[in-house]
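Every chain is numbered from 1 and lettered A, B, ... according to where its sequence line falls, protein lines coming before strand lines. Fair warning: this is a prediction, and the values are worked out from it, not measured in the lab.
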Number of protein chains: 2
Amino acid sequence: MKSDRRPPNVTMADVAERAGVSRALVSIVFRGVPGASPATRQRVMQAAQDLAYRPDQRARLLGRNRSRTIGVVFGLHHEFHAELVEALYRSVEATGYDLALGATAPSRDERRAVKSLLDYRCEALVLLGPTLRRAAIEELADRLPVVVVARAMPRTSVDVVRTDDFGGARMAVEHLAGLGHTSITHVDGRRAPGAAERRRGYHAAMRDLGLLSETRLIAGGLTENDGERAADDVLTGPPTTAVTAFNDHCAAGLIAAARMRGLRVPAALSVVGNDNSHIASLTSVALTTIAQDASALAGSALGLARARAEASPDKLSPSEIVVPPRLVVRHTTAAPQPP
Amino acid sequence: MKSDRRPPNVTMADVAERAGVSRALVSIVFRGVPGASPATRQRVMQAAQDLAYRPDQRARLLGRNRSRTIGVVFGLHHEFHAELVEALYRSVEATGYDLALGATAPSRDERRAVKSLLDYRCEALVLLGPTLRRAAIEELADRLPVVVVARAMPRTSVDVVRTDDFGGARMAVEHLAGLGHTSITHVDGRRAPGAAERRRGYHAAMRDLGLLSETRLIAGGLTENDGERAADDVLTGPPTTAVTAFNDHCAAGLIAAARMRGLRVPAALSVVGNDNSHIASLTSVALTTIAQDASALAGSALGLARARAEASPDKLSPSEIVVPPRLVVRHTTAAPQPP
DNA sequence: CGGTGAGACTAGAGCGCTCTAGTTTCCTGG
DNA sequence: CCAGGAAACTAGAGCGCTCTAGTCTCACCG
């Protein structure tokens with residue numbers, strides 16, 4: 001089957017010649033705009049098929065002076081970003097826009113990713129959980145529309161789409177309270193992005209449930225190790241029957257440490273995570289957690305990006321879209337053991 | 001700071017004018033080829049800086065009739081692919097090539113990813129663990145150079161870069177034998193890609209160690225659940241002190257089930273996984289496993305892709321590069337408990 | 001039956017680069 | 001003092017598309 005590989009690229013002119021029409025007509029047909037008779041359309045398509053013609057994307061973009069491309073900066077190793085990217089692909093489908101991916105990793109920082117995307121003349125940038133300095137993001141937003149996803153940026157000039165972390169934390173507490181728990185502890189994420197919001201949500205929920213006196217806050221972190229360390233603090237001191245953790249990893253570490261001490265989860269200790277990471281769905285963990293709505297986040301982000309790309313600069317004032325999270329009940333929460 | 005956003009794109013001509021030279025000279029400077037005096041070079045660079053000029057990538061690619069772009073198809077949710085992509089970015093750095101990412105996900109299949117990459121006129125395609133039919137891949141390889149990574153494709157016309165699964169399985173067994181284990185069981189991956197190789201490696205190692213009579217093969221799978229199920233078979237029947245599992249997830253499930261039964265790992269049962277997935281490095285799992293060398297795989301893949309992109313078609317015969325894996329010792333393996 | 005206008009189609013000028021084939025400048029050696 | 005040649009620089013034709021401003025055809029209407 002080693003046929004004529006790499007034929008001297010088939011271009012529009014070739015198709016035009018074979019179909020016996022002008023190049024412009026081929027363009028019309030391929031863009032699907034009016035201006036060609038059905039018969040001709042058919043003929044052109046046939047010719048294109050015969051020659052295995054595919055329009056050159058680069059040239060298209062160059063020609064019409066819009067790239068119709070939206071750049072997405074995402075963390076290669078960040079599993080939730082993967083979900084967001086997938087959702088973005090789905091959302092972009094019907095819009096006529098294209099996605100260009102710029103990956104971020106320990107060995108490749110966001111500036112690099114942004115730069116290469118800029119070189120391809122994206123019309124807008126969607127930054128997933130950017131760690132860039134606020135000023136850097138705003139500077140970027142001076143050059144092209146920027147949408148920040150999954151990071152709170154209070155009082156900024158860029159668009160933000162994020163999950164309601166405050167509400168999510170509240171949901172976790174309410175779920176536990178609903179099961180009958182009263183002494184509910186929060187293991188927080190210290191200074192991690194979102195940690196403050198979740199802490200506040202926890203607090204507000206406890207207050208509203210009349211459990212203010214039971215409020216107990218423990219410094220945690222983002223990793224399993226943080227969770228394990230926090231277990232010491234949780235399990236000593238006043239007895240607690242339930243914990244909401246900053247995220248799933250922290251929760252998993254906590255659970256592992258608790259079980260190591262012979263504590264049964266959820267019988268003796270209920271735990272709610274946050275993020276619905278892959279780890280939460282592992283059957284050996286089966287963590288009850290708060291899930292973010294990737295589709296909604298992606299859809300909103302794309303909507304904003306397009307709106308700005310199409311609007312004349314600075315016509316729209318920056319908006320913040322807050323998406324509600326969802327409680328996913330698995331097997332780490334149960335009614336408290338009768339004493 | 002809402003300055004003049006979206007300035008009517010600054011082009012090469014603008015830079016040329018400001019520097020008082022021809023467009024061609026600007027091109028020379030930006031391509032870094034000889035033909036400009038240091039003084040001029042300096043002047044042009046300054047002008048470019050003043051205008052915040054960045055060459056339009058699309059136009060560059062169109063102009064020189066080579067895209068110098070290598071397409072990479074990867075699975076968004078496949079964590080090892082993330083590592084490979086990162087390594088590819090590192091490898092591509094110094095080559096003057098660029099990477100274009102095409103993501104694959106449950107809702108976006110490989111054909112889609114390949115198609116969009118093709119539209120950007122990549123010069124070669126690197127497919128990470130493709131699930132495409134063999135025929136589809138070979139057909140693709142008729143159109144442009146294709147390198148398949150992390151999938152064995154015996155007797156094919158495309159280049160393949162993969163890890164030595166046979167050797168990896170052998171390493172796992174030898175590690176266990178070195179610790180003093182003799183009754184070593186293998187929980188396999190049934191028909192999963194790579195499973196057969198690993199099974200064979202296990203077998204060969206057992207034979208070479210004179211442990212053929214201890215050989216015990218149990219049907220497993222790729223998931224945690226498969227591992228949990230396999231635990232039943234492993235723990236009933238003839239006593240086993242060590243297990244090599246098809247992959248880390250299967251191993252983790254096995255360990256969880258074993259611990260659930262009160263069996264101590266590694267004291268009573270040593271377990272070796274395979275792949276060095278994220279889950280293996282979790283402190284609550286800390287799985288001894290076999291790691292693939294992402295850098296080597298990426299480097300080789302890129303090398304092949306470039307070689308083919310540069311060579312005249314079909315000059316090179318297809319090659320298969322097999323990269324040795326590496327044993328990562330964590331805390332699920334130890335010497336067998338004295339009886 | 002000439003005028004009109006919609007529909008089908010084309011010529012050709014970009015888009016922002018690259019690159020070949022020059023032209024100009026200036027040094028060097030005979 | 002000039003031939004020769006390298007180095008510095010420029011003109012202009014692409015690359016493969018899009019899109020504006022046409023031209024041509026032909027049905028339809030007053």
Under 3.5 Å, is there a donor-acceptor pair between the side chain of B/His81 and the main chain of B/Phe74?
-> no

Separation of B/Tyr120 atom OH from D/dC17 atom P, in whole Å?
-> 14 Å

With the side chain defined as heavy atoms from C-beta on, A/Arg31 is closest, among C/dC17, D/dT18, C/dT18, to D/dT18

5'-most by nearest nucleotide on DNA chain D - B/Asn65 or B/Gly35 = B/Gly35

Taking the side chain as C-beta and beyond, is there a heavy-atom pair between B/Glu320 and B/Thr156 under 4.5 Å?
-> no

Nearest to side-chain heavy atoms of A/Arg23, which nucleotide of D/dG16, D/dT10, C/dG12 | C/dG12

Qualifying residue, where the test is side-chain hydrogen bond (donor to acceptor under 3.5 Å, both in side chains) with A/Asp119 and the options are B/Arg58, B/Gln57, B/Arg60, B/Arg54 = B/Arg54

Is there a donor-acceptor pair under 3.5 Å between the side chain of A/Arg108 and the backbone N or O of A/Ala103?
-> yes

Under 4.0 angstrom, heavy atoms only, what part of the nucleic acid is A/Pro34 near: base, sugar-phosphate, or nothing?
-> nothing

Please state how far atom CZ in A/Arg64 lies from atom C1' in D/dC19, giving the value in whole angstrom units.
-> 12 Å

CE of B/Met12 versus P of D/dG12: gap in Å, rounded?
-> 18 Å

Nucleotide D/dC9, atom C1' - distance to CZ of B/Arg41 in whole Å = 12 Å

Closest-nucleotide 5' rank along DNA chain D - winner of A/Arg58 and B/Gly20 | B/Gly20

Of the candidates C/dT10, D/dA8, D/dG16, the side chain of A/Ser22 sits closest to C/dT10

Quick one: which of C/dC17, D/dG12, C/dA11 gets closest to the side chain of A/Ala24?
-> C/dA11

To the nearest angstrom, the CG-C1' distance between A/Leu61 and C/dC15 comes to 11 Å

Looking at B/Ser37, does any N or O in its side chain come under 4.0 Å of the phosphate oxygens OP1/OP2 on D/dC9?
-> yes

Taking D/dC17, C/dG16, C/dT10 as options, the one with an atom nearest any side-chain atom of B/Ala59 is C/dG16

Selection from C/dT18, D/dC17, D/dC9 that lies nearest to any side-chain heavy atom of B/Ser27 = C/dT18

In whole angstroms, the gap separating C1' of C/dC17 from CZ of A/Arg60 amounts to 20 Å

Let me know the distance between CZ of A/Arg54 and P of D/dG16, rounded to the nearest Å.
-> 16 Å

Give the rounded distance in Å between these two atoms: CG of B/Leu62 and C1' of D/dA13.
-> 14 Å

Pair A/His278, B/Glu79: side-chain N/O donor-acceptor within cut-off below 3.5 Å | no

